[in-house]
Amino acid sequence: MRLSNYFLPVLKETPSEAQIASHRLMLRAGMIRQAAAGIYSWLPLGFKVLRRIENIVHEEQQRAGHVPLLMPTLQSADLWRESGRYDDYGEEMLRIRDRHKRDLLYGPTNEELITDIFRSAVGSYKDLPLTLYHIQWKFRDEIRPRFGVMRGREFLMKDGYNFDLTKEDALHAYNRHLVSYLRTYERMGLKAIPMRADGGPIGGDYTHEFLVLAETGESEVFYDSEITDLTFGDREIDYTDVGQCQAVLEEFTSRYARTDETHDEAVFAEVPEERRRTARGIEVGQIFYFGTKYSEPMGATVVTAGGERVPVHMGSHGIGVSRLVGALIEANHDERGIIWPEGVTPFHVGIVNLKQGDEATDAACEALYKGLQALGLDPLYDDRSERAGAKFATMDLIGLPWRITVGPRGLKNGVVELTSRRTGESEEMSPEDAILKVNGIYAGL
RNA sequence: CGGGGCGUAGCGCAGCCUGGUAGCGCGGCGGUUUUGGGAACCGUAGGUCGUAGGUUCGAAUCCUAUCGCCCCGACCA
């Protein structure tokens with residue numbers, strides 16, 4: 001993309017309503033614009049990041065064997081009356097009435113709808129196990145939306161639901177989700193720690209939340225410092241292997257890690273003192289096993305091999321996709337702006353032309369731009385007639401992890417400069433080598 | 001929902017207390033000189049002062065109501 005053809009309304013000054021880094025930077029970098037309290041338009045740059053996160057979630061879900069579909073944002077109140085949650089959910093649910101005076105709601109989650117789909121189409125144990133998921137906008141009428149997309153009222157969430165014949169099968173699904181979530185966050189360059197959590201309105205005894213450590217996090221967390229050393233890495237995993245998934249769960253949940261909801265001082269005291277940590281975290285996902293809580297009242301049953309009709313065991317699992325954009329920035333920024341991890345960056349590399357209009361630099365930039373694109377990379381070429389400082393400031397603000405600087409001074413010696421946004425380190429090399437180097441950086445992702 | 005605060009040009013703000021021609025910086029547009037870390041100068045456009053009532057000769061300013069937004073708390077992916 002050429003910046004002159006793009007829509008990137010960056011702000012030099014910080015809008016007064018933004019208090020935390022991610023909110024400030026998303027507004028300044030032209031990623032979002034507020035439409036109402038807790039409701040945002042996603043401008044091109046923000047939309048691009050959102051889509052990249054969404055894609056990673058899709059890929060990892062499908063790698064784990066989960067099946068995508070798409071349910072609507074508006075749901076009929078009748079289904080929620082059936083489950084008993086229409087009255088239980090409270091003021092957070094946005095209720096709407098249509099012209100025929102029928103009660104609708106903007107879905108805050110989809111247990112009822114998915115259970116309805118399941119029960120009308122599945123009747124046999126032979127159809128199990130099954131995990132369906134979608135990535136769809138949700139609405140929860142928060143009392144007090146804040147922190148930009150971190151606590152919006154409208155937010156994009158991946159929510160998935162597993163249907164299994166037995167509790168054991170459903171717990172495998174639970175473990176499988178934990179593993180796939182570890183992979184998902186790691187691909188985005190985020191360390192998200194699974195912590196024992198509270199069931200909340202969705203309910204269930206088995207539940208873990210995934211927390212990204214950040215000063216601006218809304219939850220207080222307590223953990224054994226050993227847990228932050230764990231990484232999933234590029235190990236191979238067979239998601240159908242019950243033992244493997246179980247082993248990963250045990251590896252990642254055996255150490256103390258809890259939010260304030262479930263924190264237990266007595267148990268925490270058993271962790272060696274030098275490893276005890278108290279911090280703040282951003283919740284970016286949660287997994288539940290809740291048994292037959294919805295299948296029983298809603299009649300989601302299958303017939304077993306023995307001819308018996310039984311309610312299915314279910315669980316649900318969520319990843320806050322739009323919140324992740326904010327969480328990623330909280331975890332990756334400095335005083336100059338955002339620093340995107342390679343896995344989610346909106347553009348792979350920025351090209352800064354220091355002397356727009358100069359024949360040699362223009363030609364070198366064009367060659368770089370086309371060369372990078374030819375390798376399937378997505379560069380952002382700053383071809384505006386701005387001064388060097390303004391171009392650098394924009395690049396730093398929007399946080400592309402790599403920048404190629406092209407100026408007459410370097411070109412005289414046949415070199416351009418490749419700079420890491422994270423470390424600030426620059427290296428001079430020929431344009432051809434710069435293309436190869438950038439290609440190499442992204443080859444594994 | 002309790003407490004606090006704010007709505008004045010695209011953004012950041014002053015003016016309000018003490019009523020009398022609506023301002024500043026950034027940004028935009030045109031021009032000149034510049035050009036390796038948000039350039040300088042000149043010119044220029046842009047505002048029913050959130051909205052509705054009221055008081056007054058006169059309201060951004062005082063009064064009332066209302067809408068919106070932000071912050072702290074309780075609640076939450």
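The chains referred to below are lettered A, B, ... by the order of the sequence lines, with proteins before strands, and numbering in each begins at 1. In this text the structure is predicted, and so the values were computed from the model without any measurement.
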Using a cut-off of 4.0 Å on non-hydrogen atoms, how would the nucleic acid contact of [X] be classed: base, sugar-phosphate, or nothing?
| X | value |
| --- | --- |
| A/G90 | nothing |
| A/A18 | nothing |
| A/G318 | nothing |
| A/G337 | nothing |
| A/A393 | base |
| A/Q34 | sugar-phosphate |
| A/R403 | base |
| A/T405 | base |

Legend entry - Minimum heavy-atom distance between A/E261 and A/E209, given as atom pair plus value: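 Where A/E261 meets A/E209 most closely, the heavy atoms are OE1-OE2, 4.0 Å.
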Legend entry - Closest-nucleotide ordering on RNA chain B, the 5'-leading residue of A/L354 and A/I319: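 Closest to the 5' end, via its nearest nucleotide, is A/L354.
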Legend entry - Selected nucleotide, minimal atom distance to A/I143 side chain, candidates B/rC1, B/rG38, B/rU35: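 Closest of the options to the side chain of A/I143: B/rC1.
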Inset, instruction - Would you indicate which nucleotide in B/rG38, B/rC70, B/rC75 comes nearest to any side-chain atom of A/R28? - result: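 For A/R28, the side-chain atoms sit closest to B/rG38.
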Inset, instruction - Step through the shown structure and confirm whether more than 12 heavy atoms of other residues, nucleotides or ligands are within 6.0 Å of NZ on A/K355. - result: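 Not more than 12 within 6.0 Å, no.
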Inset, instruction - Report yes if some heavy atom in the side chain of A/Y181 is under 4.5 Å from a heavy atom in the side chain of A/H317; otherwise report no. - result: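 Touching, per the 4.5 Å side-chain cut-off.
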Inset, instruction - For the residue pair A/R421 and A/D396, establish whether any side-chain heavy-atom pair is separated by less than 4.5 Å. - result: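 Touching, per the 4.5 Å side-chain cut-off.
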Legend entry - Sole residue of A/F139, A/F155, A/W137 in ring-ring contact (aromatic ring centres under 6.0 Å, His included) with A/Y106: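 For A/Y106, the ring-ring contact (aromatic ring centres under 6.0 Å, His included) test succeeds with only one of A/F139, A/F155, A/W137, which is A/F139.
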Legend entry - A/R140 side-chain N/O to A/P108 backbone N/O, donor-acceptor pair under 3.5 Å: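 It does hold such a pair.
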Inset, instruction - Using a 4.0 Å cut-off on protein heavy atoms (strictly under), produce a 5'-to-3' string for nucleotides 24-33 of chain B with B for base contact, S for backbone-only sugar-phosphate contact, and - for none. - result: -BBS------
Legend entry - By ring pair (Phe, Tyr, Trp, His ring centres under 6.0 Å) - contacts of A/Y185 (at least two apart):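 In terms of ring pair (Phe, Tyr, Trp, His ring centres under 6.0 Å), with neighbours along the sequence ignored, A/Y185 is linked to A/F210.
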Inset, instruction - Identify the residue among A/D362, A/D383, A/D358 that makes a side-chain hydrogen bond (donor to acceptor under 3.5 Å, both in side chains) with A/N353. - result: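 Among A/D362, A/D383, A/D358, the one that satisfies the side-chain hydrogen bond (donor to acceptor under 3.5 Å, both in side chains) with A/N353 is A/D362.
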Inset, instruction - Decide whether a cation-pi geometry holds between A/R95 and A/Y86; the criteria are a distance under 6.0 Å from NZ or CZ to the six-membered ring centre and an angle within 45° of the ring axis. - result: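 Yes.
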Inset, instruction - Return the residues of residues 54-73 of chain A meeting this criterion: a heavy atom under 4.0 Å from some atom of RNA chain B. Order them by number, or give none. - result: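 Within this stretch, nothing sits under 4.0 Å of the strand.
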